[in-house]
Amino acid sequence: MTADRSDPVPVNAATAEPSRFDAASADVRWQRAWDERQCFRADDRSTRPRSYILEMFPYPSGRIHIGHVRNYTMGDVLARTKRMQGFEVLHPMGWDAFGMPAENAAMDKGVHPGGWTRENIATMKAQLKRLGFALDWSRELATCEPEYYGHEQALFLDLYAAGLVYRRESAVNWDPVDQTVLANEQVIDGRGWRSGAVVEKRKLNQWFLKITDFADELLDGLETLDKWPDKVRLMQANWIGKSQGLQFRFDLSNGGVVDVYTTRPDTIFGASFVAVAADHPIAQAVAAGNPAAQEFIALCKQGGTTAAELETAEKLGFDTGIVARHPFSEADLPVFIANFVLMEYGTGAIMAVPGHDQRDFEFATKYALPIIRVVAASADAADQPFAGEAEAGDGVLVNSDFLNGQPVADAKAAVIARAEAGGWGEGKTVWRLRDWGVSRQRYWGTPIPFIHCDACGVVPVPKDRLPVILPDDVDFETPGNPLVRHATWKHVPCPQCGAPAQRETDTLDTFVDSSWYFLRFASQPADRPFDPDAIAKWLPVEQYIGGIEHAILHLLYARFWTRALERIGKIAVKEPFASLFTQGMVTHETYSRVDPANGQPVFFSPAEVERIAEGATLRADGGAVEVGRVIKMSKSKKNVVDPDEIVATYGADAIRWFMLSDSPPERDLPWSEAGIEGCARFVQRLWRLFGQFEGAALGKNEALDRKRDQTVAAAAEDIAALSFNKAVARIYELANAIDKAAPSASRSQAIRTLLLLVAPMMPHLAEEAWALIGGEGLVAEAAWPSVDPALLVDDQVTVAIQVKGKLRDTLSVPKGTAREKLEALALASDKVQRALDGAEVKKVIVVPDRLVNLVA
RNA sequence: GCGGACGUGGCGGAAUGGUAGACGCAGGGGACUUAAAAUCCCUUGAGCUUGCUCGUGCGGGUUCGAGUCCCGCCGUCCGUACCA
């Protein structure tokens, strides 16, 4: 239910001391007023145009950090501005509440993951409220509650029914000492973070979502996302990685064949060996009777599973003794098992062309295999040696028989055509994107709703028995998934035959939880995940805001999940986020001293340090500490500031203003004590300025009227583009102009407008001042100031006069002055004549209203 | 390794290929004050010959004109599929 906005609201009048804005009292008072009026509840039945503003929901890690404050302040300014501009705004908040840190807390502190998480949520919710965000708390959700994850289980079953869920074997990081699966984050230099044991790759049967079925449309869909940053679209396109290539067959000396895939069929004459993955059937077959090969394959299994680790590891190979016959030259190519070939991509086997692929180059160098040039800058450069690395670039084919002289693109097509004609290969599209493995061998996640029955196999839990609820009574004494060793939870009768069976003990990747929460915010029926009509009304999210670190995984998974639900008819929207904004991090310099005992740096928090002009000292002993680089705030470097302390000292509006000032929101924001003090001073300066509003003032100041309306128009554009730092700069300019102006009706009007302009950014100050100047109702419900279009254009412009591209003079002329007139005025300038020094003007470039360039 | 971004005064930054440094912070000088805080005013890229030269990470190029476009480097950051 939304409050009737035409109703005037009784407001508590200003604070006792009119010269100073008392944030400590005002903040809470206005937060209560908004709550009581339910100002920020989104009305599903509203007839206004809708706007869904969403920031990525937080993981409840303990306390809000400054990065959250920045993220939610940006969204809040947008949401409040949209509301003032007449939109029905949906601006919800919830908690991405499943995840590893809760289990780590359970192991480290002996607390229950659920209790720990819910306490964190309570703390962080109070912190967010204290910042005065215009959130619709009636739609709050936490993914760790059955009211949320039960619906997720139902959706997972729908996708299973549609054939988009399957099981297969896949490798995990296995800690052989703790006998548990490790996340990549828990593998440090190839060893388990707790046990220190060398981690192995181990294969487990796991659940997968068929995101590759959507590879084409996820790629094509990027073109419709014209309000996403180009960099994110590019990163996603590269991640999906569509490539056209050739899959073809080598005949082997042992009578078998091997299928390889290459994106560079043009370089086929440069192939000097064939390499297969350690998991490849050929490798397995060779290993069967060969202890040395077994040893090598075991070596390949060591270490973690990340791409960075695999790619940077030393290239290692094992010569199988098998040779492959080159389809054209009929040369014999040795077949290696190689640790840099991935079973997941292509066919798990490659033709290696050392001259034109860096990994192959390194491998060939190590094992003294031929490196043949088959692409060169020109046809006569066929013998040019390599400069210590492969050349992956464009050129023309050389040393390549019938391909010689052809450009790379033509040669690709020619080889594919010959392979298809000869029946030994075919052109093929291959995707870099792999299916999404969602199984996690962990407790604190959404239980995967399946039951394993010896007789019936894998059986879905019937929907009327959802949710499958996590048991509370679990222990974290031993490593590994407590669901597996729980006494009763997993033992259930098979839903089909009734025989004793076992629940699936894997839980879902938390990225699944965050792949549809934006739908649940739009509507929250108890009996279904969402109401499609409500989805149709609110979605897509008009503006989504979050960290750039989510550019690929979270955003791709959310796009996939939305498209999958669309395909199976649950919703009618294909893309969840119409516009995306990726914000930068909040950073701070570090303070440290080297501990003489071990040579390691000891870090100190900003609160422990006194910052002086040249350097910093430790408050405790007055000695110097080293001031380090400005880096992302992190607990380990202690360069963190607690938002609660800042709010307590300076008020919510000062920290909000700091978050918006100076740094462009997509870039990193360096926190500084001086900066927040400057913001707090500006809050007080505005308070004094607002106090100068006189309802009865007379007189017109056209220059100020112009400045006022130009600022409103420009700031609205800046806010819509999330260029808050520019809006802030304009607000300063307007405040400066008002300060300098003599009292008049225009000045009072400008003060009132300024108040409305800053209302989304400093809502508490704005409410207090609004009450003071006799504004009607709450400023949170006031209308955005209107502008007179006639005042937006200046009638006088400054034109730059250049001689040979260097600035020599400027002219103030009426807007629209003719080219000839501008040229004549430029030539009449003394400074121009001095710069010309008698030289003849050969060419004149005139950009009307901007510049004249005289080229001598 | 691969993919993507970013780099401008002491600092954060502004600038549809068209006056580089808007706006803020910090600094310097002054006013007010017994004093301080607060506030207000002036000033602040560098160099020199005071109206000129240099100046947007480095090296090239395109253009009448480049912070902006192109090529090649260097540095920093993000992601790399089980951190969220």
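Values in this document were obtained by computation on a predicted structure and should not be read as measured data. Residue numbering restarts at 1 for every chain, and letters A, B, ... go by the order of the sequence lines.
Within 4.0 Å (heavy atoms only), Lys806(A) reaches sugar-phosphate atoms of the nucleic acid but no base atom. Counting non-hydrogen atoms under 4.0 angstrom, Gly437(A) reaches the backbone sugars and phosphates but no base. Among the atoms of the strands shown, base atoms are found under 4.0 Å from some heavy atom of Ser439(A). Within the nucleic acid shown, Val844(A) has no heavy atom closer than 4.0 Å to any nucleic acid atom. As judged by a 4.0 angstrom heavy-atom cut-off over every strand, Val232(A) is placed among residues making no nucleic acid contact. Using a 4.0 Å heavy-atom criterion, one finds that Gln206(A) contacts the bases of the nucleic acid, with or without backbone contacts as well. When heavy atoms are screened at a 4.0 angstrom cut-off, Ala308(A) is found touching base atoms of the nucleic acid. Base engagement by Phe511(A) is indicated by at least one non-hydrogen atom pair under 4.0 Å involving a base atom. At the heavy-atom level, Glu666(A) lies nowhere under 4.0 Å from the strands shown. Within the nucleic acid shown, Pro229(A) has no heavy atom closer than 4.0 Å to any nucleic acid atom. Contact annotation for His550(A): base contact, defined as any heavy-atom pair under 4.0 Å involving a base atom.
Salt bridge Arg730(A)/Asp718(A): present, at least one basic N to carboxylate O contact under 4.0 Å. Ion pairing of Asp189(A) with Arg191(A) is absent here, as no side-chain N (NZ or NE/NH1/NH2) approaches a carboxylate O to less than 4.0 Å. Contact check on Asp108(A) versus Arg194(A) returns a salt bridge, with a Lys/Arg side-chain nitrogen under 4.0 Å from an Asp/Glu carboxylate oxygen. Between Arg440(A) and Asp509(A), at least one side-chain nitrogen of the basic residue sits less than 4.0 Å from a carboxylate oxygen of the acidic one, meeting the salt-bridge criterion. In this structure, Lys315(A) does not pair ionically with Asp360(A), as no charged nitrogen and carboxylate oxygen lie closer than 4.0 Å. Between Lys203(A) and Glu169(A), none of the side-chain N atoms (NZ, or NE/NH1/NH2) sits under 4.0 Å from a carboxylate O, so this pair counts as no salt bridge. Using a cut-off of 4.0 Å between Lys/Arg side-chain N and Asp/Glu carboxylate O, Glu733(A) and Lys707(A) are scored as salt-bridged.
Outside the 6.0 Å centre-distance limit, the rings of Tyr544(A) and Phe581(A) are not counted as a close aromatic pair. Taking the six-membered ring for Trp and the full ring otherwise, the centers of Phe208(A) and Trp436(A) sit at least 6.0 Å from each other.
Here the P atom of nucleotide G3(B) and the CG atom of Leu556(A) are 18 Å apart, to the nearest Å. The distance from atom CG of Leu310(A) to atom C1' of U80(B) is 11 Å, rounded to the nearest whole Å. Between Met124(A) atom CE and A84(B) atom P the separation is 14 Å, expressed in whole Å. Following rounding to the nearest Å, Gln833(A) (CD) and G51(B) (C1') show an atom-to-atom distance of 17 Å. The CZ atom of Phe724(A) sits 20 Å away from the P atom of G24(B) (whole-angstrom rounding). Per the geometry, CZ belonging to Arg432(A) stands 10 Å off P belonging to G3(B), to the nearest Å. Here the P atom of nucleotide G79(B) and the NZ atom of Lys231(A) are 12 Å apart, to the nearest Å. Computed from coordinates, the Trp657(A) CH2 to G24(B) C1' distance equals 10 Å when rounded to whole Å.
A donor-acceptor contact under 3.5 Å is not formed by the side chain of Gln358(A) with the base of C2(B).
Look at A66(B): it lacks any Watson-Crick or wobble partner with both distances under 3.5 angstrom. Using Watson-Crick or G-U wobble geometry with both donor-acceptor distances under 3.5 Å, C54(B) finds its partner in G45(B). Pair assignment for C40(B): G30(B), on the basis of Watson-Crick or G-U wobble contacts that are both within less than 3.5 Å. When Watson-Crick and G-U wobble pairs are counted only if both distances are under 3.5 Å, G1(B) pairs with U80(B).
Nucleotides G9(B) and G57(B) have their C1' atoms positioned 15 Å apart, rounded to a whole Å. Rounded to the nearest Å, the gap between the C1' atom of U44(B) and that of G61(B) is 36 Å. For the P atom pair drawn from G4(B) and U8(B), the interatomic distance equals 22 Å after rounding to whole Å. For the C1' atom pair drawn from U56(B) and C6(B), the interatomic distance equals 14 Å after rounding to whole Å. U62(B) and A14(B) have their C1' atoms separated by 26 Å, with the value rounded to a whole Å. When the P atom is used for both G55(B) and G10(B), the distance is 15 Å, rounded to whole Å. Nucleotides A22(B) and A38(B) place their P atoms 25 Å apart, quoted to the nearest Å. Across the C1' atoms, U19(B) and G30(B) are found 31 Å apart, a figure rounded to whole Å.
The phosphate of C2(B) has neither OP1 nor OP2 within less than 4.0 Å of any side-chain N or O from Asn238(A). Under 4.0 angstrom from either OP1 or OP2 of C52(B) there lies at least one side-chain N or O belonging to Arg834(A). OP1 or OP2 of A14(B) sits under 4.0 Å from a side-chain N or O of Arg667(A). Contact annotation: Arg434(A) does not reach the phosphate of A81(B) (side-chain N/O to OP1 or OP2, under 4.0 Å).
Between Thr312(A) and Arg685(A), the residue anchored closer to the 5' end of RNA chain B is Thr312(A), taking for each the nucleotide with the nearest heavy atom.
Between C64(B), G13(B), A81(B), one nucleotide has an atom nearer to the side chain of Val855(A) than all others, and that is C64(B). Minimum atom distance to the side chain of Asp509(A) is reached by C82(B), of the listed C52(B), C64(B), C82(B). Of the candidates A81(B), G4(B), A84(B), the closest approach to any side-chain atom of Leu234(A) belongs to G4(B). Checked against U39(B), C83(B), G79(B), the side chain of Arg688(A) finds its nearest nucleotide in U39(B).
Proximity of Ile719(A) to Met761(A): side-chain heavy atoms (C-beta onward) are separated by under 4.5 Å at one or more points.
In this structure, G9(B) is classed as syn because its glycosidic torsion stays within 90° of zero.
Distance OG1/Thr73(A) to CD/Glu55(A): 9.0 Å, rounded to 0.5 Å.
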Check nucleotides 15-23 of chain B against the protein and report each pair of N or O atoms closer than 3.5 Å, with its distance, or say if there are none.
| residue | atom | partner | partner atom | Å |
| --- | --- | --- | --- | --- |
| A15(B) | OP1 | Lys726(A) | NZ | 2.9 |
| G18(B) | O2' | Arg850(A) | NE | 3.3 |
| G18(B) | N2 | Gln802(A) | OE1 | 3.3 |
| G18(B) | N2 | Asn853(A) | ND2 | 3.3 |
| A22(B) | O2' | Glu733(A) | OE2 | 3.3 |

